Participant: 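Right, I'll just put the structure down here and ask away after.
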Amino acid sequence: MKVLLVKDYDEMSEKGYELIKEIIETKEEPVISMTTGGTPRGIFKLLVEDIHNGLDISHTTIMNLDEYIGPRNAVYTVRTFMYKNLYDLINVQPKNIFLIDGATEDIKKETNRYKEILQQYGRDIQILGLGTNGHIGANEPGTPFDSTMFLAEHTEATIQSTMKEYNIERNDTPTQMLTLGFTEILEAKKVVLLVSGKHKAKAVKDLLEGEITPDCPASVLRDCENAIVIIDEEAASLLEKTNYL
Ligand code: PGA
């Protein structure tokens, strides 16, 4: 895993976006898998800006890492986020848009459908955010490192983050997500984890200086040659070792 330390949220977004842009500009049939939430908002802004300035995404496939279980148009869904932050803001759409259906009544069928898409469209890049508890996707602490796409139960820490991110009450907050497992996450050609803010500092310390263990899900990336983690100064503030500074 490569570690890139940057100054702040804006620089993290720029560096993350550069990796995506390079793929869009150089591959014939780029496949980008995004995450949602507070972390990638800056990246989406940069992408929309560039599309307005002529970046061509008509040959690009865009998909997602996970989806909350709940009504498709709920304020918190990945689908809502993707339309609000990308698809509704651009005139030329990507070649393919793939989303997991979190309103499905048949989880198994939906899982198989999405797994087939993953097989068919090898991802050039998988963007990830880091949970305050170290989760990636909805692979919460304790999830075995050989997990494959599954229906995950959120921990309390994750439920609290969702409430805060979408400004919603506990009763309206989803508690389950269909998520790619570690297996599918690591199958992407490049895996990019983005981390910003003091509230992520403990998770970053566990990720880089703790053991490689399912108790810190993101630590699975440490031994991964195709992984890059981009960390801002606040998120790096608890690190003791200096070899990545
Ligand atoms: P955030 O969430 O980007 O809203 O901080 C990260 C995550 O939980 O994956």
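Numbering of ligands and ligand atoms starts at 1, following listing order. Please read these numbers as outputs of a predicted model, since none were measured by experiment.
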Participant: Output a table of donor-acceptor pairs, distance under 3.5 Å, between side-chain atoms of residues 212-223 and any protein atom two or more places apart or on a different chain; print 'none' if there are none.
Facilitator:
residue: T213; atom: OG1; partner: D215; partner atom: N; Å: 3.0
residue: S219; atom: OG; partner: T213; partner atom: N; Å: 3.0
residue: S219; atom: OG; partner: T213; partner atom: O; Å: 3.1
residue: S219; atom: OG; partner: C216; partner atom: O; Å: 2.6
residue: R222; atom: NH1; partner: L207; partner atom: O; Å: 2.6
residue: R222; atom: NH1; partner: G210; partner atom: O; Å: 3.0
residue: R222; atom: NH2; partner: G210; partner atom: O; Å: 3.0

Participant: Checking side-chain contact (heavy atoms from CB on, under 4.5 Å) against T175, which of I159, T155, T158 comes through?
Facilitator: I159
Participant: If you count only heavy atoms, which residues are under 4.0 Å from ligand 1?
Facilitator: G37, G38, T39, G129, L130, G131, H135, E165, K200
Participant: Tell me whether K27 is salt-bridged to E22, with the criterion being a basic N under 4.0 Å from an acidic carboxylate O.
Facilitator: no
Participant: Looking just at side-chain N and O atoms, do D50 and Y17 make a donor-acceptor pair shorter than 3.5 Å?
Facilitator: yes
Participant: May I have all residue pairs that pass salt bridge (charged side-chain N to carboxylate O under 4.0 Å, His left out) and include part of residues 187-198, sequence neighbours excluded?
Facilitator: D124-K189
Participant: Taking side chain to side chain contact (heavy atoms under 4.5 Å, CB included) as the test, write out the residues that go with E110, two or more places apart.
Facilitator: I100, D101, T104, R113, L178
